[in-house]
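Here the structure is laid out as structure tokens; the discussion comes afterwards.
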Amino acid sequence: MTNTTAAPARDHRDMHRLMSLMTGAEKHGPAATSTLDVLWVLYDRVLRVTPDTVDAPDRDRFLLSKGHGPMAYYAVLAAHGFFGEELLPGFGSYGSPLGHHPDRMLVPGAEIGSGSLGHGLPLALGSVLGLRAQGLTDPRVWVLVGDAELDEGSNHEALAYAGPAGLEQLHTVVIDNASASYARPGGIAARFEAAGWSVASVDGRDHEALYAAFTAPHPGRPRAVVAHVDPKP
């Protein structure tokens with residue numbers, strides 16, 4: 001792929017202003033702010049997709065499995081030119097394409113409709129297998145999941161399969177904001193490590209640490225980055 005992420009229309013410091021344009025009683029604000037820095041680093045420095053390449057076969061795919069509170073996702077997409085910020089104030093209103101959960105048929109740049117917990121990682125795994133079947137081994141598939149989502153059995157099945165299958169194109173970012181109901185022996189990272197993934201645990205607000213974790217080589221293995229965050233901005 002020759003295209004790289006488009007030059008951002010705004011600085012990261014403007015993200016909270018863009019998010020403030022979205023109002024309403026069902027914002028899931030903490031869920032949104034906990035993802036903001038991860039999303040910014042991915043779209044600003046890592047993902048090989050632009051508004052001009054959203055349908056290119058060799059683009060990177062980003063799947064927002066953590067579909068509750070998509071305000072940060074919408075703000076980052078707007079900042080990078082996928083749609084105009086004039087859509088943001090209509091968030092969640094009748095007739096707006098920006099719903100309380102993203103709809104891939106309505107939101108430019110969205111790869112999946114999400115909000116139902118536990119679907120994103122299996123869909124990402126399937127996307128990698130589909131790309132491989134087409135001979136496309138360069139595009140990377142990224143999925144952002146929440147720590148509580150990992151309580152869902154569908155995620156464990158995908159997680160257990162991806163490691164032994166050596167799905168190097170698959171990348172999972174787990175937002176760990178301590179919202180899960182059930183603790184895992186050894187923590188989230190240990191679960192991925194046990195399944196043969198390459199794993200890193202980082203501060204989910206530290207942009208340089210996130211970038212280093214996102215771009216570290218992991219030949220022959222899927223990659224998991226556990227981003228620890230305080231949900232408050």
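All values derive from a computational prediction rather than experimental measurement.
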Student check: side-chain heavy atoms of Val225 and Val174 closer than 4.5 Å: no
Sub-4.5 Å side-chain heavy-atom contact between Val46 and Trp142: yes
Same cluster (ILVMFWY, side-chain, under 4.5 Å), Leu77 and Val41: yes
Residue pair Ser65 / Glu149, side-chain donor-acceptor N/O under 3.5 Å: yes
Point-to-point distance, once rounded to the nearest 0.5 Å, from CG of Asp103 to NE2 of His101: 11.5 Å
Least distance between heavy atoms, Gly81 atom then Pro51 atom: O-CG, 3.3 Å
Shortest non-hydrogen contact between Arg223 and Ala200, atoms and distance: NH2-CB, 3.4 Å
Side-chain H-bond candidate by donor/acceptor type, Arg61 with Ser127, under 3.5 Å: no
Which atom of Asp147 lies closest to which atom of Ile188, heavy atoms considered: CB-CD1, 3.7 Å
Thr53 side chain vs Val49 backbone, donor-acceptor pair below 3.5 Å: no
Reported CG-to-CG distance for the pair Asp138 and Leu131, which is rounded to 0.5 angstrom: 10.0 Å
His171 side chain near Phe214 side chain, heavy-atom distance below 4.5 Å: no
Heavy-atom check, side chain of Val145 versus side chain of Lys66, under 4.5 Å: no
Check: Gly90 main-chain N/O paired with Ser93 side-chain donor or acceptor under 3.5 Å: yes
Minimal non-hydrogen separation, Leu210 against Asp203, with atom names: CG-O, 3.9 Å
Test side-chain contact (heavy atoms from CB on, under 4.5 Å) applied to His100 and Phe91, step by step: CA-CA 7 Å; His100 290 122; Phe91 167 66; 3.6 Å; yes
Hydrophobic cluster identity match, Leu106 and Phe83, side-chain contacts under 4.5 Å: no
Student check: side-chain heavy atoms of Leu36 and Val76 closer than 4.5 Å: yes
Shared hydrophobic cluster for Trp40 and Leu42 (ILVMFWY, side-chain gaps under 4.5 Å): yes
Same apolar cluster: Leu64 and Met19, side chain cutoff 4.5 Å: yes
Leu136 backbone acceptor or donor facing Gln169 side chain under 3.5 Å: yes
Considering all heavy atoms, the nearest Met22-Leu18 contact: CE-O, 3.7 Å
Pairwise side-chain contact, Leu125 with Leu167, heavy-atom cut-off 4.5 Å (strictly under): yes
CG on Asn155 to CG on Leu150, rounded to 0.5 Å: 5.5 Å
Ring geometry between Phe62 and Tyr73 (parallel below 30°, tilted from 30 to 60°, perpendicular above 60°): tilted
Over 12 non-hydrogen atoms of neighbours within 6.0 angstrom of OH in Tyr161: no
Joint hydrophobic cluster, Leu144 plus Leu159, side-chain heavy atoms closer than 4.5 Å: no
side-chain contact (heavy atoms from CB on, under 4.5 Å) assessment of His156 paired with Arg191: CA-CA 9 Å; His156 287 278; Arg191 175 68 182 90; 3.2 Å; yes
Between CG on residue Leu39 and CE on residue Met15, distance to nearest 0.5 Å: 10.5 Å
Check: Asp176 side chain, His228 main-chain N or O, donor-acceptor pair, under 3.5 Å: no
From CG (Leu98) to CG (Leu21), nearest 0.5 Å: 11.0 Å
Parallel, tilted or perpendicular, as decided by the 30° and 60° cut-offs, for the rings of Tyr43 and Phe82: perpendicular
Any donor-acceptor pair under 3.5 Å from Arg221 side chain to Trp197 backbone: yes
salt_bridge(Arg59, Glu111) N-O dist < 4.0 Å: yes
Ile175 vs Val38 side-chain heavy atoms within contact, under 4.5 Å: yes
Arg17 side, atom CZ; Glu85 side, atom CD - distance, nearest 0.5 Å: 4.5 Å
Neighbour count >12 (heavy atoms, 6.0 Å) for atom CZ, Arg104: no
Worked verdict on Leu63 versus Val141 for side-chain contact (heavy atoms from CB on, under 4.5 Å): CA-CA 8 Å; Leu63 282 59; Val141 178; 4.2 Å; yes
Heavy-atom closest pair, residues Ala224 and Phe192: CB-CD2, 3.5 Å
Heavy-atom check, side chain of Pro97 versus side chain of Leu87, under 4.5 Å: yes
